[in-house]
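Written out below as structure tokens is the structure these notes cover.
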Amino acid sequence: MRRKIIAGNWKMNKLPNEALDFITELEPLVKNSENEIVLCVPYIDLFYTLLNAQGTNIKIGAQNMHWEKEGAYTGEISSEMLKAIGVEYVIIGHSERRKYFNETDEDVNKKIIKALEVGLKPIVCVGETLEERENHKEKEVIKNQIEKAFKNIKDISNVIIAYEPIWAIGTGKTATSEDANEITKFIREEILKIYGKDVADCAIILYGGSVKPNNAKELFEMSDIDGGLIGGASLNAKDFANIVNYNI
Ligand code: PGA
């Protein structure tokens with residue numbers, strides 16, 4: 001059985017004191033969950049949340065990283081830096097980074113390789129735009145994103161994939177559980193073609209895009225959806241806890 005991962009993506013939200021308060025509020029609400037709980041927070045909040053989450057079942061992740069070890073890259077953060085302070089997960093290739101910061105599939109590939117090299121678990125985002133979906137191109141787009149993201153990567157056992165249809169992010173429009181499952185299943189088939197059945201059966205594939213306490217259960221109980229990447233609803237500890245506890 002694949003484990004479920006419920007990951008929050010705070011995006012550019014929460015000051016350090018708010019982040020500390022959030023962990024304090026969340027911890028008792030989710031302490032009985034057997035799901036893997038991850039909060040991907042802004043760089044500035046990493047250290048505070050790591051300290052406050054010590055000894056709890058809450059794991060901390062970053063939202064981006066550079067693929068170089070060190071050097072003249074003003075404003076960037078390396079995977080080694082994240083690893084050194086105890087970060088476990090890192091989101092790579094979120095659609096907002098692709099859209100606003102021109103991240104390409106090649107950048108995504110370099111970042112995944114580097115993250116794995118230092119022992120971080122990348123949460124790799126893929127997904128189609130509304131236009132691509134309306135033109136029935138979603139599978140083609142996602143297949144292409146996957147092939148490029150995983151180019152020359154032999155072992156993806158520490159990789160988590162998040163299917164996030166761009167039209168469903170922050171819009172309140174969730175993909176139906178059937179549509180979301182169809183694409184996660186399709187992603188699993190693509191993984192099977194590249195890595196074989198054993199790897200595909202174990203691959204963790206999340207759904208993201210307007211997941212809320214009232215739709216989490218239906219989505220996460222689908223055959224191929226192994227949890228979620230939660231944006232807006234992860235900013236409120238009670239809402240996020242209700243999503244984490246969907247199966248309690
Ligand atoms: P949302 O964001 O839950 O606010 O739609 C999801 C994401 O961007 O990861």
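As the structure lists them, so they are numbered: ligands from 1, and atoms in each ligand from 1. This structure is a prediction, so every number in the text was calculated from the model and none was measured.
Judged by distance alone, the side chains of N64 and K111 do bring a donor and an acceptor atom under 3.5 Å apart.
V30 and I5 are assigned to two separate hydrophobic clusters, defined by single-linkage of ILVMFWY side chains at heavy-atom distances under 4.5 Å. Note on V211: it does not cluster hydrophobically with I91, by side-chain heavy-atom contacts below 4.5 Å among ILVMFWY residues.
Taking each heavy atom of A115 and V90 in turn, the nearest pair found is CB-CG1, 4.1 Å.
A salt bridge is absent between K4 and E36; no separation between the charged side-chain nitrogens and carboxylate oxygens falls under 4.0 Å. Ion pairing of E221 with K217 is present here, as a side-chain N (NZ or NE/NH1/NH2) and a carboxylate O approach within less than 4.0 Å.
For ligand 1, the 4.0 Å heavy-atom shell takes in N9, K11, H94, E164, A168, I169, G170, G209, S210, L229, I230, G231, G232, ordered by chain and residue number.
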